[in-house]
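Below is one structure, written out as structure tokens; comments come after it.
Below, read A as the first sequence line, B as the second, and so on, with proteins coming before strands; counting in each chain starts at 1.
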2 protein chains.
Amino acid sequence: MDNRLFTRIMRLMTVPRLRDVARLAGVHAATASRALNPATRSMVSAETAQRVLEAAAQLGYVANPIARSLKTNRTNSIGVVIPDLTNLLFPPIVRGIDDVLSPLGYSLLLVNTDNDKEREAAHIASLRARQVDGLILATALLEDPLLQRLGEQRVPLVLINRRMNTPGFPSVTGDDAGGVYLAVHHLVTLGHRRIAHLAGPQHTSTGQFRLRAYRQALQDLGLPHDDDLVAHCSAWTEAEGARGLAELLDRGVEFTAVLAGNDLLALGCYDLMRERGIHCPDELSIVGFNDMPIVDKLQPALTTVRIPHYRVGSEAAHMLLERLHKPDTPAKSILLPLELVVRGSTAPPASSRRPGGARQSGETTLRAPATQDRPDSVSPSRPHSPILTEL
Amino acid sequence: MDNRLFTRIMRLMTVPRLRDVARLAGVHAATASRALNPATRSMVSAETAQRVLEAAAQLGYVANPIARSLKTNRTNSIGVVIPDLTNLLFPPIVRGIDDVLSPLGYSLLLVNTDNDKEREAAHIASLRARQVDGLILATALLEDPLLQRLGEQRVPLVLINRRMNTPGFPSVTGDDAGGVYLAVHHLVTLGHRRIAHLAGPQHTSTGQFRLRAYRQALQDLGLPHDDDLVAHCSAWTEAEGARGLAELLDRGVEFTAVLAGNDLLALGCYDLMRERGIHCPDELSIVGFNDMPIVDKLQPALTTVRIPHYRVGSEAAHMLLERLHKPDTPAKSILLPLELVVRGSTAPPASSRRPGGARQSGETTLRAPATQDRPDSVSPSRPHSPILTEL
DNA sequence: TTGAAAGCGCTAACAT
DNA sequence: ATGTTAGCGCTTTCAA
């Protein structure tokens, strides 16, 4: 208490308020406010504006955002809701968001949900109580009552990474179908015919879309589909990846390559292969999804579909800004084009390889084929530009 | 404008305010406020308190933190200032902070400085304008006028990772000296006699303390010191690590092991060794510092000194809470004990190795020797408990 | 124990 | 173009 009073006195002595600026400039506080705000500055004569700005500079005046927010219902802050910051996917995304928003004066409030919808609900309630201007969420489920409710309440938001089945939600994600096609095409070109898939959780768009695209790609490339080649993982974790591959192997079904639903599942495959003494890529090729930091340093370096995470973040930030400024614009979805990064974890299957054939090291990047070949996407205006969909 | 008005009306219709709760409970707003705040609830009769709480529950009342903050000068938010979230060190630290503070109702405002003191100053000014209750900073330099000023202004803060030369700043860091000793001791035990060091930036405590500790450890272990065995890196980056090792090699000085100032520098060593065809650990042993995520998956897996990053974050959060509640308590510094994680990047030097000797795989963890052996630290009350220093 | 009233620092409708 | 006034939603003296 004593200390609070002290702080208070210190603040009054040191921190100038709007009325101090106004007094120094010889105007009323309202005029000072108008002069200080670029949007309303034109309501004030050039000279007074000048005097006010000088006074503010002289006093080192910084407006109190709390007081402003109380009046305006805007806070210049946005909530970023992710499952877990220590998942290597998210830091680049968050940087992408921050690099766009922080120069515009926005602050980021970051929360981790650990994929727990209750925690998420509590965090979102807290963020809304704090009057964040908008939300960027990486936690969407295909069916997601929590987020549906936000949509109904017209909370400005943008989904990243994962989408919902419900239309009307703006989102920025990778073009999962295109990426899967690249990966499967690559494996087929290498000579693989029996390609397994570790599918991620089917209540997330990434899990479901990638599985569907895998089936579609096999069909498009003239390979028969065999449900025994699919193992379902209940979470995007290394442990589940190892479990999934073990399940496939223990089924006794034959395959020479695995398309893992994401890089963490692929890491799990590495673990299991080491445990069972299976050599990658000689005995089994692995393709991941995401191109997380560091997977290029693994042994063997992981062939994977690259999602431009930083750009997911920056595009989402721009999209949210647009939602804030033109809330009545129809929601858009951006599907960012993906690339396949070919590294050391894929090779021709043992049967079709010449003994002693030297493997090339280093990495190669493959882009998507012309997108109009795939029926489920709008053709982009420029090559490799994002695919826009009106929801 | 139109839309703002709309939002406003919606809010008034849907979001209950304190006076709504008060009216429903049949009391004055002030009474409702007292009843709702656990700290002041005792001023109110049990029955009225009960009625108010029920009314609040019935309406789904959530206090407006903005209005509260304007009155109380507290925001229940804290600023986290780090160089770059995409540096793999920081996500676990931030999670550690969040896991402690968010259950207590605090929000985290995260900013990236990219090691630019100007950006940092701007961000800190913004955080202070937003009235954060305190700061956790990972950006300290040994001489740091910016932070010194914060200290003078009695801004509640805690330093993490790096310390300052100026006394009086509470901090949570790893015990750099202890960790370096473990690493050097390990190399010497393996038979190394010529151990090089890639030193990090000397204006950071981590860079300077580790270099000093390296010299001290050589001396303690009876090895001569040779300045030619030290290369200085100007930043904690992979590129600088590669450059530093190249510099050492090009000097023509002989060495069989490198203690890298941190893991990123060690990664740079890996790059250069691959480039020059030097085998690790057969021709050169490498020790890193930090035990970042994924360095256990490199080929060879990196032997490194583990800093408990998550715990750095959680301890810092607790320390900041203490600073907030008892601001007049003297500042403490916590040096967390470190462990050496022995993996595949270290082995006996070529000269002392039996040809064909099978290397053991897997990893081993070594703890610090009793700390009282080292004169610069206070002995902990329990083994491996943090070292506390009054500043 | 409760109510009345003031005010945190700012912005915006209204008046001039 | 500028000043007056009210009020954002809450907490906290002060008085009863």
Side-chain angles (χ1 to χ4, degrees), chain A residues 1-2 4-5 7-12 14-23 25-52 56 59 61-76 128-131, chain B residues 1-2 4-5 7-12 14-23 25-52 56 59 61-76 128-131:
Chain A
M1 286 302 129
D2 225 27
R4 283 265 276 287
L5 181 61
T7 314
R8 182 78 164 283
I9 292 171
M10 286 299 292
R11 281 185 55 75
L12 287 179
T14 59
V15 180
R17 291 157 307 163
L18 182 60
R19 69 181 67 135
D20 301 320
V21 177
R23 195 184 312 125
V27 296
H28 191 267
T31 308
S33 169
R34 289 187 271 251
L36 256 15
N37 183 342
T40 52
R41 190 168 299 153
S42 55
M43 299 173 158
V44 163
S45 82
E47 308 93 75
T48 26
Q50 179 66 15
R51 250 183 312 133
V52 171
L59 296 177
Y61 172 75
V62 180
N64 181 333
I66 311 263
R68 173 179 292 159
S69 294
L70 185 58
K71 185 72 184 170
T72 61
N73 287 323
R74 296 171 63 275
T75 53
N76 273 276
R128 294 189 64 196
R130 285 176 190 273
Q131 315 258 52
Chain B
M1 287 299 132
D2 226 26
R4 283 264 276 286
L5 182 61
T7 315
R8 184 79 164 283
I9 293 172
M10 287 299 292
R11 281 186 55 76
L12 288 178
T14 60
V15 181
R17 292 156 305 163
L18 181 59
R19 69 181 67 136
D20 301 319
V21 176
R23 196 183 312 127
V27 296
H28 192 264
T31 308
S33 170
R34 290 187 272 251
L36 257 13
N37 183 342
T40 53
R41 191 167 299 156
S42 57
M43 300 173 157
V44 164
S45 82
E47 309 94 77
T48 29
Q50 179 67 15
R51 250 183 312 132
V52 170
L59 296 176
Y61 173 74
V62 180
N64 181 332
I66 311 262
R68 174 180 291 159
S69 294
L70 185 59
K71 187 70 186 170
T72 61
N73 289 323
R74 294 169 67 276
T75 54
N76 272 276
R128 295 188 64 196
R130 284 176 190 272
Q131 315 257 53

**Q.** End axis versus end axis in the helix from C:dT1-D:dA16 to C:dT16-D:dA1, the angle rounded to 10°, five pairs used at each terminus
**A.** 40°
Q | Nearest-0.5 Å distance, CD of residue A:Q131 to CG of residue B:N64 | A | 5.0 Å
Q. Taking side chain as C-beta onward, heavy atoms only, is A:R34 less than 4.5 Å from A:V52?
A. no
Q. Could you state the CG-C1' distance from B:L36 to D:dC10, rounded to the nearest angstrom?
A. 11 Å
Q: Starting from C1' on D:dC10, measure out to CD on A:Q131 and report it in whole angstrom.
A: 13 Å
Q) Counting any heavy atom closer than 4.0 Å, what does B:S69 reach on the DNA or RNA strands: base, sugar-phosphate only, or nothing? A) nothing
Q | Nearest-nucleotide comparison on DNA chain C, the residue closer to the 5′ end among A:I66 and B:S45 | A | B:S45
Q) Taking atom P of C:dT11 as reference, at what distance in whole Å does atom CG of A:N76 sit? A) 12 Å
Q: Let me know, please, whether A:T31 or B:R19 comes out on the 5' side of the other along DNA chain D by nearest nucleotide.
A: A:T31
(Q) Quick check on DNA chain C: between B:R51 and B:A67, whose nearest nucleotide comes earlier from the 5' end? (A) B:R51
Q: Return the value, rounded to whole Å, for the distance between atom CG of B:N64 and atom P of D:dT11.
A: 9 Å
Q: In whole angstrom, give the distance that lies between atom CZ of A:R130 and atom C1' of D:dC10.
A: 15 Å
Q | Nucleotide C:dA6, atom P - distance to NZ of B:K71 in whole Å | A | 12 Å
**Q.** Length of the CD-P vector between A:E47 and D:dT2, whole Å
**A.** 8 Å
Q.
So B:T48, base contact, sugar-phosphate only, or nothing? Heavy-atom distance under 4.0 Å.
A. sugar-phosphate
